[in-house]
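Below you'll find the structure, written out as structure tokens, and then a few comments.
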Amino acid sequence: MSGSTDDRQFATIGATARGSGPRTPGERRPRHRRTTRRLEVDDVLVVKRSKIRTAISGTAVGNFMEWFDFGIYGYLAVTMTAVFTTGFDENVGLLIVLLGFAVSFLVRPFGGMVLGPLGDKIGRQKVLFVTMAMMAVATGLIGMLPTSAAIGGWAIVLLYFLKMVQGFSTGGEYAGASTYVAEFSPDKSRGFWSSFLDVGSYLGFAAGASVVAITTFVSESIAGPTAMVDGAWRIPFLLAIPLGAVAIWFRLRIPETPAYADAEQSGETVHNADDPLARQGLRGIVRLYWRPLLIAVALVAATNTVSYALTSYMPAYLETEVGVSNVMAAVATVPVLILLACMLPFIGRLSDKIGRKPLYWCAVISTLVLTLPAFAIMQTGLIWAVLLALVMLAVPLAFYAAIAASTLPAMFPTASRFGAMGLAYNVSVSLFGGTTPLISEALIQLTGNSYMPAFYVMFFAVVASIALLSMKESARRPLLGSMPTVETQAEAVALVEGQDSDPLIDTSTMPLQVVGAGAPASTDDAKPGV
């Protein structure tokens, strides 16, 4: 999808703003007829596959780290209830711990609103380095917190504070990482390369679950059944320190995206409220892109309700509602998450061939068809039934997650992409995704119906289906506000030679030099703010 209004409208408004020179407050710009020049070979961004792999791996490792923490916290929710809510009723204590998970998500929009526009101003790589460092430090510090037995209610206050730090950092993490991989990926294979971002996410969650399971098994074998509550729960969090150091090292190696560097060179990253292709503040983003923002919010809500139901909430659900042991609850999801991660690149590549929208429809339909039967099968408590139910939940999530990082950033222009993603993604995941464990548990306690999480997930699938009716296809097309991106010089030459007959090439959405009566002819004069 290229924007909330017709792409040609962006070209007309953008052309009028670019090249008209500075003006005094209240002065109306003269109207000039503009024409967009043809693409030349030098305009096309050529990104070698070796650089793509370095960029994708350096970004995915950050998401691995983020979800490693989510996995730890989700699978230790019951244990941390005993550690941080001593004296509370068990059900109330679990809600308090799950509220800590929700609190981190409620802070995410603030992180997105600060870090997103900052990423549009100073670059993606610098902000992604900061978010990774904040996440690693906060996760490690959780493992050093005193318990409620030592300092009473202050223990949960400190836990909430560190979860808020994590939430602020992740407000820029996924928005920035998805922006980064989308801008670094060639147009014709963006779905494939971008899918590896969420491969890192779910492998990170599987790693967190595995660490919790192994720590639980080993510590209880050595020190008895109370070993985790007595202090072994700290081990998974403390592992975040060396893992975070490795992730930070990877982040230091990734370069700036070629799309952002090109936009910076052309002057698009200079703030210009009159030019939709130039950098906008939050107010300008909402004013110009409110429709794609709403579409993104709906798709993110549908994706993350099923995602957090399967990952962060499922351990507590299996223990409290199904009666599965804490070790089995952690172990059961690991093979499912690994299978899910392995599916993503194949679905991403398929989206490059048939488009993003058909696969989003597959996600919506499979959610409505499979979710309720999956929860019904799960109630038997048999290990094979639990595994089958988790696989059924993973099917729609695979379709959602595989194409999210290639679809959502394509809705916004390069100069404002990080800021728009930071706003849309974090508002949605905070209100609907991150609160899934808390709301699901609250609905069960309120109604006594253990199927309420299924109904909650299905509701947002319906919301996503409505949004899909307005979403434009973005597969194989250049990103809005960016030049075409390919892997080889030969592809660039072929693309330029065939641009007149290529339905995927629309130069009006690109920051090309425009000329016309009264407009300056030099490239430098046409750049806003230069």
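Just so we're clear, the structure is a prediction, and the values are computed from it rather than from any experiment. Scope of the values below: all heavy atoms of this structure, side chains included, with no hydrogens, waters or symmetry mates.
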State, with a plain yes or no, whether a side-chain heavy atom of [X] is found less than 4.5 Å away from one of [Y].
X: V364; Y: Y400; result: yes
X: L197; Y: S178; result: yes
X: L95; Y: L438; result: yes
X: V97; Y: T85; result: yes
X: P258; Y: K51; result: no
X: S470; Y: I295; result: yes
X: V270; Y: R279; result: no
X: F184; Y: R53; result: no

Qualifying residues under side chain to side chain donor-acceptor pair (under 3.5 Å), relative to R234, sequence neighbours excluded
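So R234 forms no side chain to side chain donor-acceptor pair (under 3.5 Å) with any residue.
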Applying side chain to side chain donor-acceptor pair (under 3.5 Å) to Y202 and not counting sequence neighbours gives S307
- side chain to side chain contact (heavy atoms under 4.5 Å, CB included) between K188 and D352, intermediate numbers included: CA-CA 6 Å; K188 293 186 177 180; D352 289 324; over 6 Å; no
Evaluate whether atom [atom1] of [X] has more than 12 neighbouring non-hydrogen atoms of other residues, nucleotides or ligands under 6.0 angstrom away.
X: Y160; atom1: OH; result: yes
X: K357; atom1: NZ; result: yes
X: M164; atom1: CE; result: no
X: W361; atom1: CH2; result: yes

Is there a donor-acceptor contact under 3.5 Å linking the side chains of [X] and [Y]?
X: N63; Y: S201; answer: yes
X: R356; Y: S351; answer: yes
X: T139; Y: Q166; answer: yes
X: T305; Y: T436; answer: no

Using only atom types and a distance under 3.5 Å, with no angle test, would you say the side chain of [X] pairs donor to acceptor with the backbone of [Y]?
X: S416; Y: A278; value: yes
X: R251; Y: T59; value: yes
X: S428; Y: V297; value: yes
X: R417; Y: T179; value: no
X: D187; Y: P484; value: no
X: S169; Y: M134; value: no
X: T54; Y: S50; value: yes
X: T509; Y: D506; value: yes
X: S430; Y: V427; value: no
X: Y289; Y: A420; value: no

Query raised in the report: Between Y308 and W67, how do the two ring planes meet: parallel, tilted or perpendicular, split at 30° and 60°?
Result: parallel
Least distance between heavy atoms, [X] atom then [Y] atom:
X: N426; Y: P109; result: O-CG, 3.6 Å
X: P396; Y: T367; result: CB-OG1, 3.1 Å
X: S406; Y: S474; result: O-OG, 4.4 Å
X: I72; Y: V212; result: CA-CG2, 4.0 Å
X: L282; Y: G419; result: CD2-O, 4.5 Å

Could you pull out all residues at least two apart from F399 that satisfy ring-ring contact (aromatic ring centres under 6.0 Å, His included)?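 By the ring-ring contact (aromatic ring centres under 6.0 Å, His included) rule, F399 matches no residue at all.
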Across all chains, not counting sequence neighbours, the ring-ring contact (aromatic ring centres under 6.0 Å, His included) partners of F84 are W233
Distance to the ring centre below 6.0 angstrom and angle to the axis at most 45 degrees; does that hold for K163 and Y73?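 That pair qualifies as a cation-pi contact.
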Checklist line | NZ or CZ of R124 within 45° of Y180 ring axis and under 6.0 Å | finding: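 R124 over Y180 ring: no.
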Scan the side chains in residues 238-248 for donor-acceptor partners under 3.5 Å anywhere in the protein, sequence neighbours excluded, and list what turns up.
none

Starting at CD of E473, measure out to CD1 of I354 and round the result to the nearest 0.5 Å.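 Taking CD in E473 and CD1 in I354, the distance rounds to 9.0 Å.
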> If you measure from OG on S189 to CZ on R349, what distance do you get to the nearest 0.5 Å?
Replying inline: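 So the gap between those two atoms works out to 7.5 Å.
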Just distance, no hydrogens or angles: give the donor-acceptor pairs under 3.5 Å from side chains in residues 336-344, sequence neighbours left out.
none

Determine, step by step, whether L299 and M471 satisfy the side chain to side chain contact (heavy atoms under 4.5 Å, CB included) criterion, reporting the C-alpha distance in whole Å, the side-chain angles of both residues, the deciding distance to 0.1 Å, and the verdict.
CA-CA 10 Å; L299 295 179; M471 191 184 90; 3.7 Å; yes
F168 ring center near F110 ring center (under 6.0 Å):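 No, ring centres 6.0 Å or more apart.
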Q) Is the Y425-Y174 ring centre distance short of 6.0 angstrom? A) yes
Notebook entry, point to check: When you look at F460 and F432, which way does the side chain to side chain contact (heavy atoms under 4.5 Å, CB included) test go after all the steps?
Noted result: CA-CA 9 Å; F460 284 101; F432 312 117; 3.4 Å; yes
Test side-chain contact (heavy atoms from CB on, under 4.5 Å), reference M510, set D43, I505, L480, output is I505
*Could you please spell out the steps behind the side chain to side chain contact (heavy atoms under 4.5 Å, CB included) verdict for L393 and M314?*
CA-CA 11 Å; L393 291 175; M314 194 51 61; 3.9 Å; yes
